[in-house]
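By convention here, the first residue in the shown sequence is residue 1. FYI, side chains are in, hydrogens and waters are out, and symmetry mates aren't considered; it's all heavy atoms of this structure.
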Amino acid sequence: SSQLLDHIPVLIGEIAAYLRAPAEDEIAANAIVVDKARELGVLRYRQQASVHQLLREYEILAEILEAFVVDETVRLGLQPSSGECFELLRRLTRSSRTLMRTTIDTFVSAYTTAIDDRNNRIKAFNQMASHELRSPIGTLVFAAAALEREEVRADANRVSKIATTIQANAQRLSWLVDNLQRVSRLTEPGDGPNEQLIDVSTVAQEVARQLQDMALRGNVRIVVATGLPHVFGDPARLELALLNLVSNGIKYSDPEKAESFVEIGPGTNRDAVANGMYAIQVRDNGLGIAEADRSSIFERFFRAHTHLDATLGVTGSGL
């Protein structure tokens with residue numbers, strides 16, 4: 001890529017400078033070239049390269065430099081001594097190995113950091129899932145125990161309230177399990193979308209209905225705008241996407257705003273329409289997402305506002 005080509009000439013230029021430098025100078029002390037080698041490691045990590053690719057790339061670079069030195073020696077009619085040849089080869093080998101080691105160390109460090117971060121997110125997700133499942137299960141166990149008591153069974157009103165509680169918590173468990181199964185299936189090769197003609201407005205209204213209680217508790221107004229289209233797609237996946245987006249808008253409403261809202265409406269992406277697609281927009285006037293976090297929001301288990309969980313009283317999985 002063009003970014004890769006931005007780094008290679010700098011490395012070659014600094015290696016050339018090192019080859020001309022006094023013997024006591026070390027390329028590892030050259031801050032410019034070392035920083036460039038580190039930048040190359042970060043770049044190749046972002047490009048999802050492998051350590052094998054990096055090793056091979058530096059091997060090719062060393063071979064190119066060696067061939068260039070030989071060709072120039074012949075072209076210029078130089079006749080270096082054996083000692084000068086060995087010294088040049090030594091410095092050339094040392095420079096390429098030093099830069100290769102710096103690049104790979106940075107590359108591996110980036111991967112290690114990403115793995116540690118992902119493991120922490122998985123741990124947080126497991127804790128959240130356990131908490132979310134434990135609450136309705138505990139309520140169901142308590143309700144079942146209550147129904148075993150004779151004085152409770154004799155009171156029709158209490159039985160009706162317990163039955164309502166059981167139904168609500170059973171539905172909550174079913175919703176949680178369904179969502180976890182949906183998410184786990186999204187990356188499976190055999191999981192194809194169940195495509196059909198969808199009235200997006202109907203799906204949006206259903207999402208608003210499901211989240212109405214949550215919105216009322218958060219003093220948030222859910223708006224379903226007019227002009228939503230009929231599209232061909234998977235209604236379950238569309239509903240799941242809208243549920244996640246709208247619930248996030250509710251959870252992270254801005255407490256300093258006089259009125260908070262979350263709106264589902266037609267998008268304004270003209271490029272999408274021109275390419276035969278349709279954009280659906282979910283917008284709100286909540287806390288927003290920091291610029292630094294926006295590139296990570298679609299990564300599994302990533303959450304941008306974990307530091308506000310206690311303050312806002314929210315939890316989430318980052319899925």
Side-chain angles (χ1 to χ4, degrees), residues 1 3-4 7 34-35 37-58 100-138 172-191 193 214 236-237 239-252 282 286-319:
S1 70
Q3 287 178 300
L4 189 60
H7 288 72
V34 169
D35 286 345
R38 288 175 180 152
E39 289 177 12
L40 182 59
V42 173
L43 173 64
R44 297 302 281 141
Y45 162 73
R46 290 175 179 169
Q47 293 174 336
Q48 298 182 332
S50 66
V51 172
H52 174 76
Q53 284 177 290
L54 281 175
L55 289 171
R56 183 56 187 151
E57 286 163 6
Y58 265 103
M100 178 179 68
R101 185 165 56 249
T102 301
T103 298
I104 290 177
D105 285 349
T106 305
F107 177 86
V108 171
S109 178
Y111 259 109
T112 301
T113 300
I115 291 170
D116 289 343
D117 185 47
R118 182 176 178 82
N119 287 340
N120 288 335
R121 292 181 202 168
I122 292 173
K123 182 179 178 181
F125 168 74
N126 288 338
Q127 292 173 341
M128 182 283 304
S130 298
H131 172 77
E132 291 289 324
L133 293 171
R134 188 182 300 115
S135 179
I137 289 173
R172 172 65 178 167
L173 276 175
S174 177
W175 184 83
L176 287 170
V177 171
D178 284 347
N179 274 342
L180 290 173
Q181 288 179 334
R182 284 176 182 175
V183 169
S184 67
R185 287 198 302 265
L186 287 180
T187 54
E188 292 179 3
D191 180 44
M214 179 183 181
R237 293 188 181 194
E239 181 181 323
L240 178 60
L242 292 177
L243 277 169
N244 284 336
L245 292 171
V246 175
S247 63
N248 278 344
I250 295 170
K251 287 193 293 185
Y252 299 108
V282 177
L287 297 175
I289 300 172
E291 184 71 34
D293 292 330
R294 292 180 188 177
S295 62
S296 303
I297 59 175
F298 291 108
E299 294 179 13
R300 285 192 173 198
F301 311 114
F302 178 83
R303 299 178 63 228
H305 295 297
T306 52
H307 61 291
L308 297 176
D309 283 358
T311 303
L312 300 177
V314 301
T315 59
S317 61
L319 294 173

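Here Asp293 pairs with Ile289, Ala290, Phe302, Ala304 under the side-chain contact (heavy atoms from CB on, under 4.5 Å) rule; sequence neighbours left out. For Asp117, the side-chain hydrogen bond (donor to acceptor under 3.5 Å, both in side chains) partners two or more places apart in sequence, or in a different chain, are Arg121. Taking the side-chain hydrogen bond (donor to acceptor under 3.5 Å, both in side chains) definition, one finds that Arg294 meets it with Glu291, sequence neighbours left out.
To the nearest 0.5 Å, atom OG1 of residue Thr106 and atom CG of residue Leu43 are 12.0 Å apart. Remark: Met100 CE to Leu40 CG distance equals 12.5 Å, nearest 0.5 Å. Rounded to the nearest 0.5 Å, atoms CD (Glu57) and CD1 (Ile104) are 9.5 Å apart. Taking CZ from Arg44 and CD from Glu39, the interatomic distance works out to 14.5 Å, rounded to the nearest 0.5 Å.
Pairing each heavy atom of Thr103 with each of Ala37, the nearest pair is OG1-O, 2.9 Å. The shortest heavy-atom contact between Lys251 and Met214 is CG-CE, 3.1 Å.
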Residues 107-114 side chain polar contacts: donor-acceptor under 3.5 Å, at least two apart:
{"from": "Thr112", "atom 1": "OG1", "to": "Val108", "atom 2": "O", "distance (Å)": "2.9"}
{"from": "Thr113", "atom 1": "OG1", "to": "Ser109", "atom 2": "O", "distance (Å)": "2.9"}

Please test Glu239 against Leu243 for side-chain contact (heavy atoms from CB on, under 4.5 Å), starting from the C-alpha separation and ending with a verdict. CA-CA 6 Å; Glu239 181 181 323; Leu243 277 169; 4.0 Å; yes

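Put simply, the side chain of Thr102 never gets that close to the backbone of Arg38: no donor and acceptor are under 3.5 Å apart.
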